[in-house]
Trainee: 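This is the structure I want to talk about, given as structure tokens.
Predicted model, so just to flag it, every value in this text is computed and none were measured. In each ligand, atom 1 is the first atom listed, and ligand 1 is the first ligand listed.
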Amino acid sequence: MSAAQSSLSSADGGFRFDNSWARDLPGTYVAQPPNTAPAPHLLVLNRSLAADLGLDADMLAANPGWFAGGSLPQGAEPVALAYAGHQFGGFSPQLGDGRAHLLGEHIAPDQRRWDIQLKGSGRTAFSRGGDGKAALGPMLREYLISEAMAALGVPTTRSLAVALTGEDVWRDAGRLPGAVVTRVAASHIRVGSFQFWAARGEVDKLRALADYAIARHDPDLVGQDDCYLRFFDRVIARQARLVALWMGLGFVHGVQNTDNVAVSGETIDYGPCAFIEGYAPGTVFSSIDRTGRYAYGNQPLILGWNMAKLAESLLLLMDDPDAAVVALNARLDGVAGRYHTEWLAVMRAKLGLVGEDPADLALVQGLLAVMEATGADWTLTFRRLADAAAGNLSGLRMLFADVAALDAWLPQWRARLAPDAAQRMRATNPLVIPRNHKVEEALQAAEQGDIAPFHALLAQVTDPYRDGPDREAFALPAPSGFGDYVTFCGT
Ligand code: AMP
Ligand code: MG
């Protein structure tokens with residue numbers, strides 16, 4: 001154990017920081033403090049996450065300045081990290097934390113290491129023309145959706161708090177309350193972190209970063225031959241699983257840029273993300289995704305594209321470039337197959353199928369074709385299939401305009417269904433997800449000063465699998481008057 005770690009003290013219930021990034025990777029960040037908030041106010045605090053992290057929630061609540069900017073917890077060493085990234089396919093050599101500060105790495109009681117990052121905390125060396133700040137709505141959105149994803153079993157960054165700064169920010173919508181979200185992440189190492197040094201030809205820095213990433217996320221690979229290639233395998237495996245889980249839930253990330261792809265395999269950067277309702281693979285929500293590059297059905301392809309960008313960076317670290325190109329290309333050729341295997345496993349679980357049958361793919365595709373033809377609600381279809389597995393077909397049939405097509409599909413599924421499928425399907429297919437109209441309703445109320453609808457929705461989406469009389473208003477799709485949903489990056 002290093003001296004820094006042995007000096008940690010958790011007795012007071014505060015953060016136990018051990019800032020390995022700041023210590024081990026000089027030159028990959030700029031040290032700077034968060035903006036000083038004029039009137040910090042802690043609006044939302046995640047008490048259950050605090051408990052998991054070994055933090056005393058009452059102590060956190062007594063220090064709003066830690067979460068809005070203005071005061072720093074003991075041991076924090078705020079830094080803004082450098083990274084690059086392909087945004088919508090075009091390379092930006094310098095992005096970096098333009099509105100975020102990594103306070104440090106908190107060591108939880110189980111010795112796991114967590115980045116504690118403020119987002120919306122003011123200008124940094126990487127802000128370019130931006131103000132470094134964030135409006136309340138998008139920060140609450142990140143909190144709500146990341147916590148829903150965690151409850152849905154998806155690897156994700158978490159949200160510890162949302163704090164008001166007491167300062168307004170100016171956006172297209174006008175003057176909005178400024179806020180900061182506190183993000184908790186396994187790390188903030190992105191594909192774009194590698195690209196930053198690769199693009200500059202700074203191989204020593206790139207190697208230091210890769211070795212750091214391996215030590216942090218795949219410590220069993222430290223010192224092994226071919227560790228960079230094996231690390232690449234691990235990242236592919238984590239990302240393939242992640243995107244398969246997104247697809248199973250109807251989740252559209254919306255900005256699958258290489259700077260928003262974490263090598264830890266966590267979902268990161270909840271900007272314009274949203275969940276599909278009626279099934280349509282071409283669904284896009286983000287106002288800036290005009291070509292549909294990051295449409296629901298494109299996410300698996302973009303996964304492969306993003307892994308190719310990581311391969312290009314890792315190539316610089318390998319001794320025999322010709323052999324490395326062959327090895328990396330072989331991995332890239334395997335991404336689609338790897339994803340497909342993960343996706344089929346997700347879909348089998350959603351349909352209550354146990355074991356593997358060669359006809360399963362056709363069975364899944366048959367259902368998707370019927371859903372797509374009638375625009376059946378993604379989430380409710382699978383939830384009502386659980387009821388159908390228990391013998392109650394009425395809810396399912398109501399979702400399909402073309403009931404005959406559904407009825408033609410059902411017998412094959414029934415014949416393949418595991419005996420106790422209904423119960424397991426209810427624990428796999430959520431009843432309540434963050435519905436777009438509910439999210440908007442909650443965020444608008446919060447902007448007007450009423451946080452109660454946010455808490456009501458948060459309670460529902462972090463308990464996604466339960467049935468109950470209180471659930472209906474949260475489980476149903478948007479009323480038709482809600483129209484097409486458009487999301488914004490919130491910058
Ligand atoms: P994002 O769309 O959140 O992934 O951000 C893309 C890049 O823009 C990152 O480098 C951000 O730090 C930066 N950025 C986003 N919003 C702001 C802002 N308000 N001020 C400065 N930089 C920003
Ligand atoms: Mg980003």
Trainee: Any atoms of ligand 1 less than 4.0 Å from a non-hydrogen atom of G96? List them with their elements.
Mentor: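 Every atom of ligand 1 under 4.0 Å from some heavy atom of G96: 9 (C), 10 (O), 11 (C), 12 (O).
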Trainee: Select the closest option to atom 13 (C) of ligand 1 among Q87, R123, Q94, R128, judged by heavy-atom distance.
Mentor: R128
Trainee: If you count the atoms of ligand 1 from 1 in the order shown, which ones are under 4.0 Å from a heavy atom of N260?
Mentor: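 With N260 as reference, the close atoms of ligand 1 come out as 4 (O).
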Trainee: Can you find an N/O atom of G132 closer than 3.5 Å to an N/O atom of ligand 1?
Mentor: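 For ligand 1, there is an N or O atom that lies under 3.5 Å from one belonging to G132.
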Trainee: Answer with yes or no whether V255 contacts ligand 1, where contact means a heavy atom under 4.0 Å from a ligand atom.
Mentor: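 Per 4.0 Å heavy-atom rule, V255 does not contact ligand 1.
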Trainee: Would you sort out whether R234 and D220 count as a salt bridge (Lys or Arg N to Asp or Glu O under 4.0 Å), showing the intermediate values?
Mentor: CA-CA 11 Å; R234 299 284 177 88; D220 58 310; 2.7 Å; yes
Trainee: The Mg ion (ligand 2) and D269: any N/O/S contact shorter than 2.8 Å?
Mentor: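 Short answer: yes, at least one N, O or S atom is under the cut-off.
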Trainee: In this structure, which one of L303, L310, I302 forms a side chain to side chain contact (heavy atoms under 4.5 Å, CB included) with N306?
Mentor: I302
Trainee: Mind running salt bridge (Lys or Arg N to Asp or Glu O under 4.0 Å) on D269 and R183 for me, showing each step along the way?
Mentor: CA-CA 10 Å; D269 261 2; R183 180 153 76 180; 2.8 Å; yes
Trainee: Any N/O/S atom, side chain or main chain, of N257 closer to the Mg ion (ligand 2) than 2.8 Å?
Mentor: no
Trainee: Going by distance only, is there an N or O of D131 that falls short of 3.5 Å from an N or O of ligand 1?
Mentor: yes
Trainee: If you take the centroid of each ring, where Trp contributes its six-membered ring, are F88 and Y294 closer together than 6.0 Å?
Mentor: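 Yes, close enough.
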Trainee: Test salt bridge (Lys or Arg N to Asp or Glu O under 4.0 Å) on D18 and R23 and set out the steps.
Mentor: CA-CA 9 Å; D18 173 54; R23 188 170 61 232; 2.9 Å; yes
Trainee: Evaluate salt bridge (Lys or Arg N to Asp or Glu O under 4.0 Å) for R171 paired with D131, printing each intermediate quantity in order.
Mentor: CA-CA 10 Å; R171 294 293 181 265; D131 63 0; 2.8 Å; yes
Trainee: Provide the number and element of each atom of ligand 1 under 4.0 Å from a heavy atom of D269.
Mentor: 3 (O), 4 (O)
Trainee: Would you mind listing which atoms of ligand 1 come within a distance below 4.0 Å of any non-hydrogen atom of G130?
Mentor: 20 (N), 21 (C)
Trainee: Run the numbers for me: atoms of ligand 1, each under 4.0 Å from some heavy atom of Y83, listed by number.
Mentor: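 What qualifies from ligand 1 is 9 (C), 10 (O).
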Trainee: I'd like to know whether T28 forms a side chain to side chain donor-acceptor pair (under 3.5 Å) with W21, so could you lay out the CA-CA distance, the side-chain angles of the two residues, the decisive distance to 0.1 Å, and finally the verdict.
Mentor: CA-CA 9 Å; T28 68; W21 187 291; 2.9 Å; yes
Trainee: Ring centroid separation for W305 and H86, is it under 6.0 angstrom?
Mentor: yes
Trainee: Find all atoms of ligand 1 within a distance of less than 4.0 Å from any non-hydrogen atom belonging to S127, and give their numbers and elements.
Mentor: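 Per the distance check, 21 (C), 22 (N).
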Trainee: On a heavy-atom basis, which atom in R123 and which in R128 lie closest, and how many Å separate them?
Mentor: NH1-O, 3.1 Å
Trainee: For ligand 1, which atoms have a heavy atom of L95 less than 4.0 angstrom away?
Mentor: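 Taking each heavy atom of L95 in turn, ligand 1 has 10 (O) under 4.0 Å.
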Trainee: Can you sort out which atoms of ligand 1 are near G98, meaning under 4.0 Å from one of its heavy atoms?
Mentor: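 In order of numbering, the contacting atoms are 12 (O), 20 (N), 21 (C), 22 (N).
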